Amino acid sequence: MARILITSAIPYINGIKHLGNLVGSQLPADLYARYMRARGHEVMFICATDEHGTPAELAAAKASKPVAEYCAEMWQVQKDLSDGFRLSFDKFGRSSSEQNRRLTQYFAGRLAENGFIEEVTESQVYSNADGRFLPDRYIEGTCPNCGYDKARGDQCENCTKQLDPTDLINPRSAISGSTDLEVRETKHLYLRQSLLRERLDKWISSKTDWPVLTTSIAKKWLHDGDGLQDRGITRDLDWGVPVMKGEEPWPGMEGKVFYVWFDAPIEYIAATKEWSDGEGLDDSAWRRWWRTDEGAENVRYVQFMGKDNVPFHTLSFPATIIGSGDPWKLVDYIKSFNYLNYDGGQFSTSQGRGVFMDQALEILPADYWRWWLLSHAPENSDSEFTWENFQASVNKDLADVLGNFVSRVTKFCRSRFGEEVPKGGAYGPGEVEVIRELTERMDAYSAHMEAIEVRKASAELRALWVIGNEYLQEAAPWSVFKEDPDRAAAIIRFSLNLIAFYGAVSAPFIPDASAAMLEAMGADGMGWPDDMEAALKGLTPGRAFTVPENLFRKISDEEREDWQSRFSGVRT
RNA sequence: GGGCCUGUAGCUCAAUUGGUUAGAGCAGAGCGCUCAUAACGCUUUGGUUGGGGGUUCAAGUCCCUCCGGGCCUACCA
């Protein structure tokens, strides 16, 4: 039994996430976690909300709430939605936790002791009206290059030119619109990741099995221009982890907080402590996952994230870990995803475009979304959600291929033999052949799951379902029954066993329907089928079962059109 | 501007990393079945692998070039 640590990129607290966010990290991470647990491995699956930073402060202000209260509420909203999608986190933590505050301060202190922190005095734009420093992109003005009047301080969206806030003509605060801006000097801490460039480069280069998407982004940052740059890890904000050197004050840094991207990855570790604290366990419970000197040397650590998160996970966070000089666990494998587009454009949180997690669950149960999203995961390139494709896939794969199989078998059995596993007859060459095919397919399915090849795994799972229909057609128990009821009994017994088998192996993708299949077959405790022949004899003759409600309903053309128009505009 | 990814059947994607005649699912066509959610099974149509050039005994795969799509470019997170 292996020990697998799995983290999903932590979603920002600011609002409800859309399906693109979901499929980019949390959902595939859940797939992997469920699979690994089913295979009998010990899994620690961690996620959390990323709560600090300017956007959270502004969103709270907009809602007229204290930021802490706003975050607490939004955490609950996101937690409920992740439960709704059956995301099986062992802990869904909060980056604003006490545990993360202490750990973040601890890491900063260690980095300082080891010479990886530099204090830099720099100039920042301060807005008197807003009473705060403004991040570059929160300053708007006229682009000196093209004259676009809504250029942001970091880049002009119109001509794509990179800008410095001081380049802007007639700069104003994007928050209040105030033009009462001034440049002030402020001191910040920089993480000297440039000192670790060669070490990081060597480490990344050794990861030849990582997705190209992951390594190519990392290498770009390592080699572009002058190479990996030092990075500011503090901000002039109220909402965040106060800057401390371990447990000591940091002279000159009073009133400042760590930048969210410094404390957010540390939350992976802190959330594990949140878990063990919540369970009433002592510190060894979480440290055995994270400290290679306290049990984590045989842990396999896998991270899931969208491509936008790759630089922080391949460079900044590892720099934090390595720079601490402590034996913290470094990531072993990074699975990164491209973006999911929505019907010809991008999903957009800020513009409210696309389908959001809460809306999705209002329309259909989680399994429908899980299946479509995972079987279309943007692994090799950006992929696209369209309602036509969604309708076609769900209806065909779930309702017709899998759902209808369960329906035809259980209903036939009920009408001919009653609601118990029929007695009589024996498995013959046909069943042996099917077992051989299933074994072959299962090997491929497992291999793809181990390799986190999500789409390929989904295709193999579907192929497993198809085998059931092929078998049934070939065996034709409805005909055989007339001449040889015992033989028909054996066929149906085998088919009922197939349902239980599907329940077991489909669970990582569609946990609710899988549970329903297992429950109907009275096989709730069924484990992962390692031995196919034994697995398909699990339901013994005479055992009671129930005919489940149809596992999946079909999406009608009217519904599809309705949803299409309902989600064509922007979320209000 | 620079870098990276990508373009394969009407649609969504494969192709063991240069090796037989480029394969699946969906959609389409035909046949079969009647247990089932009009579901299922079998057969089948469909490709100058974005265009052009090159390397090679051999190119979807490598190189050059052009065209299209996307991402990143370090203060959104």
Side-chain angles (χ1 to χ4, degrees), chain A residues 9-14 21 50-56 58 122 124-125 133-139 152-155 160-162 164-165 174 188 193 211-213 215-217 219-221 223-225 228-232 235 259-261 264 306-312 315-316 338-339 341 346 349-350 375-376 378-384 386 388-389 392-393 395-401 403-416 455-456 458-459 462-463 466 468-481 488 491-492 495 549-554:
Chain A
I10 67 179
Y12 198 64
I13 192 68
N14 185 6
N21 297 131
D50 177 14
E51 305 194 359
H52 295 134
T54 308
L58 297 179
E122 54 188 20
Q124 288 273 299
V125 174
F133 284 95
L134 296 176
D136 288 0
R137 73 164 44 198
Y138 282 96
I139 303 159
R152 293 189 321 215
D154 57 341
Q155 186 177 36
T160 73
K161 186 177 172 59
Q162 308 252 347
D164 190 272
H188 282 298
Q193 37 185 25
V212 181
L213 186 64
T215 49
S216 67
I217 291 173
K219 285 183 177 174
K220 171 68 158 69
W221 281 56
H223 300 299
D224 193 39
L228 187 60
Q229 302 295 298
D230 294 340
R231 203 178 168 96
R235 290 293 182 273
Y259 178 38
V260 283
W261 261 114
K307 59 185 166 187
D308 51 334
N309 278 326
V310 168
F312 303 98
L315 305 169
S316 308
N338 284 286
Y339 292 145
N341 290 318
Q346 293 190 342
T349 302
S350 57
S375 62
H376 294 79
E379 289 177 297
N380 294 321
S381 62
D382 292 353
S383 64
E384 177 164 317
T386 64
E388 287 84 357
N389 192 307
S393 298
N395 286 357
K396 193 69 193 175
D397 300 345
L398 296 182
D400 293 347
V401 175
N404 182 55
F405 176 76
V406 172
S407 180
R408 65 196 295 208
V409 170
T410 53
K411 285 175 183 170
F412 180 83
C413 185
R414 180 172 60 185
S415 71
R416 301 297 196 280
R455 298 175 83 124
K456 289 179 182 175
S458 77
R462 186 189 191 280
V466 167
N469 284 309
E470 289 171 352
Y471 165 72
L472 212 55
Q473 184 67 27
E474 171 73 21
W478 47 88
S479 304
V480 173
F481 182 79
I491 294 167
I492 290 303
S495 301
E549 292 295 307
N550 283 344
L551 291 178
F552 302 99
R553 68 180 189 81
K554 293 217 206 187

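Note that the structure is predicted; figures quoted are calculated from it, not measured. Here is how names work: the chains are called A, B, and so on, in the same order as the sequence lines, proteins then strands, and each is numbered from 1.
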For A:H376, is there any backbone N or O sitting under 3.5 Å from a side-chain donor or acceptor partner on A:S383? yes
Can you measure A:E122 atom CD to B:rC75 atom P for me and round it to whole angstrom units? 10 Å
Would you sort out whether A:L551 and A:L398 count as a side chain to side chain contact (heavy atoms under 4.5 Å, CB included), showing the intermediate values? CA-CA 8 Å; A:L551 291 178; A:L398 296 182; over 6 Å; no
Applying a 4.0 Å non-hydrogen cut-off, can you work out what A:F405 is touching in the nucleic acid: base, sugar-phosphate, or nothing? nothing
Taking only residues two or more places apart in sequence or in another chain, which ones pass side-chain hydrogen bond (donor to acceptor under 3.5 Å, both in side chains) with A:N341? none
Where the side chain of A:W261 is concerned, which of B:rU37, B:rA77, B:rA74 is the nearest nucleotide? B:rA77
Say you pick atom C1' in B:rU44 and the same atom in B:rA27; how far apart are they, in whole Å? 14 Å
Distance between C1' atoms of B:rG52 and B:rA15 (Å, rounded): 25 Å
Would you check if the side chain of A:S407 reaches a backbone N or O of A:N404 as a donor-acceptor pair within less than 3.5 Å? no
Could you please name the option among B:rC76, B:rU73, B:rG41 that lies closest to any side-chain atom of A:W221? B:rU73
By nearest-heavy-atom nucleotide on RNA chain B, the more 5' of A:Y12 and A:L213 is A:L213
Steps toward side chain to side chain contact (heavy atoms under 4.5 Å, CB included) verdict (A:Y259, A:H188): CA-CA 10 Å; A:Y259 178 38; A:H188 282 298; over 6 Å; no
List in chain and number order the residues that pass side-chain contact (heavy atoms from CB on, under 4.5 Å) with A:P165, two or more places apart in sequence or in another chain; answer none if no residue qualifies. A:V125, A:D136, A:I139
Which way is the base of B:rU17 turned, syn or anti, if we draw the line at 90° from 0? syn
Report yes if at least one side-chain N or O of A:Y339 is closer than 4.0 Å to OP1 or OP2 of B:rC72; otherwise report no. yes
Taking only side-chain N and O atoms of A:K396, does any of them lie within less than 4.0 angstrom of OP1 or OP2 on B:rC40? yes
Rounded to whole Å, the CG-P distance (A:L315 to B:rA74) equals 14 Å
Would you please name every residue forming a salt bridge (Lys or Arg N to Asp or Glu O under 4.0 Å) with A:R137, sequence neighbours left out? A:D154
Any base atoms under 4.0 Å from A:P55, or only sugar-phosphate, or nothing? Heavy atoms, all strands. sugar-phosphate
Describe the nucleic acid contact of A:K307 in one word from base, sugar-phosphate, nothing, applying a heavy-atom distance below 4.0 Å. sugar-phosphate
Can you see if the side chain of A:Y259 gets near the phosphate of B:rC76 - specifically, an N or O under 4.0 Å from OP1 or OP2? no
In whole Å, what separates the C1' atom of B:rU45 from that of B:rC26? 15 Å
Find the runs of at least 3 consecutive base pairs, i with j, i+1 with j-1 and so on, that include RNA chain B, using Watson-Crick or G-U wobble geometry with both distances under 3.5 Å. B:1-7 with B:67-73, B:10-13 with B:23-26, B:28-32 with B:40-44, B:50-54 with B:62-66
Name the nucleic acid region contacted by A:V125, choosing base, sugar-phosphate or nothing; use a 4.0 angstrom heavy-atom cut-off, strictly under. nothing
Going by side-chain hydrogen bond (donor to acceptor under 3.5 Å, both in side chains), name the residues that satisfy it together with A:Y339, two or more places apart in sequence or in a different chain. none
Quick check on B:rC75: is either OP1 or OP2 less than 4.0 Å from any side-chain nitrogen or oxygen of A:R231? yes
How far does the C1' atom of B:rG28 sit from the matching atom of B:rU17, given to the nearest Å? 35 Å
For the pair made of CD in A:Q193 and C1' in B:rA74, what is the distance, rounded to whole Å? 9 Å
Base, sugar-phosphate, or nothing: which does A:N395 touch, judged by heavy atoms less than 4.0 Å apart? nothing
Could you check how far NZ of A:K220 sits from C1' of B:rU73, rounded to whole Å? 5 Å
May I have the distance from A:Y471 (atom OH) to B:rC42 (atom P), rounded to whole angstrom? 15 Å
Between P on B:rA74 and CZ on A:R137, what's the gap in Å once rounded to a whole number? 10 Å
For atom C1', what is the distance between B:rC33 and B:rC42, given to the nearest Å? 10 Å
Not counting sequence neighbours, which residues clear salt bridge (Lys or Arg N to Asp or Glu O under 4.0 Å) with A:D397? List them please. A:R462
At under 4.0 Å between heavy atoms, what does A:E51 touch on the DNA or RNA strands: base, sugar-phosphate, or nothing? nothing
Distances under 3.5 Å between protein N/O atoms and the N/O atoms of nucleotides 34-36 of chain B, please, pair by pair.
unit_1: B:rC35; atom_1: O2'; unit_2: A:R408; atom_2: O; d: 3.0
unit_1: B:rC35; atom_1: O2; unit_2: A:R408; atom_2: NE; d: 2.9
unit_1: B:rC35; atom_1: N3; unit_2: A:R408; atom_2: NE; d: 3.4
unit_1: B:rC35; atom_1: N3; unit_2: A:R408; atom_2: NH2; d: 2.5
unit_1: B:rC35; atom_1: N4; unit_2: A:R408; atom_2: NH2; d: 3.2
unit_1: B:rA36; atom_1: O3'; unit_2: A:S407; atom_2: OG; d: 3.4
unit_1: B:rA36; atom_1: O2'; unit_2: A:N404; atom_2: OD1; d: 2.3
unit_1: B:rA36; atom_1: O2'; unit_2: A:S407; atom_2: OG; d: 3.4
unit_1: B:rA36; atom_1: N3; unit_2: A:N404; atom_2: ND2; d: 3.2
unit_1: B:rA36; atom_1: N3; unit_2: A:R408; atom_2: NE; d: 3.1

Side chain proximity check, A:L472 to A:F412, heavy atoms < 4.5 angstrom: no
Using the C1' atom in both, what is the distance from B:rC11 to B:rC4, to the nearest Å? 27 Å
Hey, is the side chain of A:E470 pairing donor to acceptor with the base of B:rC42 inside 3.5 Å? no
With A:A399, which residues qualify under side-chain contact (heavy atoms from CB on, under 4.5 Å), at least two apart? A:F552, A:K554
In terms of ring plane angle, is the pair A:W261 and A:F312 parallel, tilted or perpendicular, where the classes change at 30° and 60°? parallel
What does A:Q229 touch in the nucleic acid at a heavy-atom separation under 4.0 angstrom: a base, only the sugar-phosphate, or nothing? base
All N/O pairs under 3.5 Å across the protein-nucleotides 9-14 of chain B interface:
unit_1: B:rC13; atom_1: O5'; unit_2: A:R455; atom_2: NH2; d: 3.0
unit_1: B:rA14; atom_1: OP1; unit_2: A:N380; atom_2: ND2; d: 2.2

Could you work out, with side-chain hydrogen bond (donor to acceptor under 3.5 Å, both in side chains) as the rule, every residue matching A:E379, not counting sequence neighbours? A:K335
Under 4.0 angstrom, heavy atoms only, what part of the nucleic acid is A:I492 near: base, sugar-phosphate, or nothing? nothing
Rounded to the nearest Å, what distance is computed from the CG atom of residue A:D400 to the C1' atom of nucleotide B:rU37? 7 Å
Rounding to an integer number of angstrom, what distance separates B:rA9 and B:rC5 when you compare their C1' atoms? 23 Å
Going by side-chain contact (heavy atoms from CB on, under 4.5 Å), name the residues that satisfy it together with A:Q229, two or more places apart in sequence or in a different chain. A:D226
Rounding to an integer number of angstrom, what distance separates B:rA24 and B:rC63 when you compare their P atoms? 29 Å
Applying side-chain hydrogen bond (donor to acceptor under 3.5 Å, both in side chains), can you list everything that pairs with A:K456, at least two apart in sequence or on another chain? none
What is the distance from CG of A:L398 to C1' of B:rA39, rounded to the nearest Å? 14 Å
